[in-house]
*Asks:* 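Below you will find the structure I want to go over with you.
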Amino acid sequence: MDVDAVVDELYGLTPAEFTAARDSRVREARAAGDTAAAKQIGALRKPATAAWLANLLVRADREEAEALLHLGAELRGAQQRLDGEEMRRLSSQRQAVITAMVRRAVRLAGQPIGQAPARQLEDTLRAVLADPDAADAFAAGRMTTPLQHSGLGPAGVHLRLVPSRSEAAPTNAKPAPKAAPPTKTRPAVKTGPTPDQRRLERARHELEQARKSADSADSALAEARGLAEEAGATRDELRKKVEELAGALEQARNAEAGAAVDARQARRGVQQAERAAHAARRRVAEREAAVARLAES
């Protein structure tokens with residue numbers, strides 16, 4: 001069995017399809033008597049959603065992935081040369097490229113993607129731009145966990161890759177000696193499995209069940225972590241909205257206090273205007289009376 005081809009096939013599947021396909025390939029390898037391949041394939045781990053999205057970007061559009069890798073190499077080169085102008089120019093492109101690639105990955109996924117995996121993919125792409133080891137991990141298209149750049153190299157890089165046959169078995173290895181031809185003996189009497197064989201079969205069955213249980217537990221853990229991350233993101237968004245609303249409420253209260261001061265001043269102005277109008281009407285009446293007296297005389 002070509003293990004490299006199987007690895008490429010498995011990491012091209014969705015996380016939901018991965019476990020069943022991997023277990024099927026393990027059974028095929030065992031049926032073919034290839035225990036080494038079965039062990040290598042069985043050790044593969046299902047990719048997290050963000051890692052799957054990164055693998056999807058590499059596989060769906062190699063040119064776009066190469067452009068991202070080229071931008072990262074230029075950024076790192078400008079940093080090493082301390083070329084401030086070039087760093088500013090490339091940095092202005094960085095966020096636009098990351099945003100565009102995250103949106104493309106979400107479209108390629110063809111299924112709803114939560115905010116937490118999208119944010120992890122964005123962190124992964126930043127790590128790819130900043131660190132050559134992260135760039136190599138991304139280019140391989142076999143990531144199982146997202147990456148995060150801390151400024152001191154990639155953190156959280158867990159690539160569970162299977163070496164090719166040429167790497168697993170050196171070409172200069174001596175061939176195994178041929179087995180001697182069997183001696184002629186009497187045909188053995190067919191009997192049922194021995195107690196040791198039955199125990200071995202039971203142990204193999206229990207091991208298979210334990211592996212399935214472990215895979216199910218890993219899947220449940222990954223889903224629980226995803227839900228926890230999404231819940232945390234929702235909490236942060238609501239907290240931000242509460243803070244915004246609290247600020248708006250404080251502004252409204254200040255505006256209300258200012259309006260109350262303006263209203264009091266306006267009422268005092270009305271009262272002053274009423275007194276001035278009353279005095280003016282009184283003066284008019286006095287003048288009218290004086291005119292009338294002069295007219296009579």
Side-chain angles (χ1 to χ4, degrees), residues 49-50 53 64 67-68 71-72 74-75 78-79 82-130 146 148-151 224-297:
T49 301
L53 291 172
E64 188 172 358
L68 178 74
L71 175 61
E74 287 187 325
L75 274 166
Q79 290 171 351
L82 300 178
D83 189 339
E85 183 178 352
E86 184 71 0
M87 288 171 60
R88 285 190 295 273
R89 184 183 69 82
L90 296 173
S91 297
S92 65
Q93 300 177 18
R94 177 173 51 192
Q95 188 56 47
V97 170
I98 290 175
T99 300
M101 293 194 73
V102 170
R103 289 176 179 170
R104 176 162 173 73
V106 171
R107 289 196 301 270
L108 289 171
Q111 62 186 47
I113 300 298
Q115 292 182 352
R119 188 169 59 252
Q120 290 173 349
L121 175 59
E122 187 172 342
D123 291 340
T124 296
L125 297 178
R126 286 199 182 93
V128 169
L129 291 172
Q148 186 174 10
H149 183 68
S150 62
R225 284 175 174 168
L227 291 173
E229 290 175 354
E230 291 179 3
T234 302
R235 177 203 60 199
D236 293 341
E237 289 180 1
L238 292 175
R239 182 177 294 168
K240 183 178 180 181
K241 288 182 179 179
V242 168
E243 292 174 354
E244 291 174 353
L245 291 173
L249 178 60
E250 184 65 22
Q251 291 178 356
R253 285 174 173 168
N254 292 337
E256 180 188 17
V261 172
D262 292 341
R264 286 194 296 271
Q265 292 176 348
R267 284 195 295 272
R268 286 196 294 269
V270 169
Q271 292 173 354
Q272 292 173 357
E274 288 178 345
R275 288 195 294 270
H278 181 71
R281 287 194 295 271
R282 186 172 61 251
R283 286 193 295 273
V284 169
E286 291 174 352
R287 296 299 184 273
E288 288 178 345
V291 169
R293 287 197 297 272
L294 291 173
E296 289 177 354
S297 62

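Residues: numbered from 1 along the sequence shown. Heavy-atom basis, side chains included; hydrogens, waters and symmetry copies ignored.
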*Asks:* If you round to the nearest 0.5 Å, how far is CG of Leu249 from CG of Asn254?
*Replies:* 9.5 Å
*Asks:* Give me the atom names and distance for the closest heavy-atom approach of Pro117 to Gly114.
*Replies:*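 Taking every non-hydrogen atom into account, CD-O, 3.3 Å.
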*Asks:* Just verifying a value: how many Å separate Leu245 CG and Glu250 CD, rounded to the nearest 0.5 Å?
*Replies:*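 That separation rounds to 13.5 Å.
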*Asks:* Supply the atom-to-atom distance Arg268 CZ to Gln271 CD, rounded to the nearest 0.5 angstrom.
*Replies:*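 Atom-to-atom, Arg268:CZ and Gln271:CD are 8.5 Å apart.
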*Asks:* State the CG-CD distance between Leu68 and Gln93, to the nearest 0.5 angstrom.
*Replies:*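 Here the rounded value is 11.5 Å.
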*Asks:* Show which side-chain atoms of residues 94-105 pair as donor or acceptor with protein atoms under 3.5 Å away, not counting sequence neighbours.
*Replies:*
residue	atom	partner	partner atom	Å
Gln95	OE1	Arg126	NH2	3.1
Gln95	NE2	Thr99	OG1	3.1
Gln95	NE2	Glu122	OE2	3.2
Thr99	OG1	Gln95	O	2.9
Arg104	NE	Glu64	OE1	3.0

*Asks:* With side-chain contact (heavy atoms from CB on, under 4.5 Å) as the test, would you mind laying out the steps for Gln111 and Ile113 before giving the verdict?
*Replies:* CA-CA 6 Å; Gln111 62 186 47; Ile113 300 298; 4.2 Å; yes
*Asks:* Under the side chain to side chain contact (heavy atoms under 4.5 Å, CB included) rule, collect the residues that match up with Gln79, sequence neighbours excluded.
*Replies:* Met87
*Asks:* Using a 3.5 Å cut-off and no angle test, enumerate the donor-acceptor pairs between side-chain atoms of residues 274-288 and protein atoms at least two apart in sequence or in another chain.
*Replies:*
none

*Asks:* Step by step, would you call Arg253 with Glu256 a salt bridge (charged side-chain N to carboxylate O under 4.0 Å, His left out)?
*Replies:* CA-CA 5 Å; Arg253 285 174 173 168; Glu256 180 188 17; over 6 Å; no
*Asks:* As an exercise, state the distance from CD of Gln120 to CG of Leu125, rounded to the nearest 0.5 Å.
*Replies:*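 Spacing of CD (Gln120) from CG (Leu125) equals 12.0 Å.
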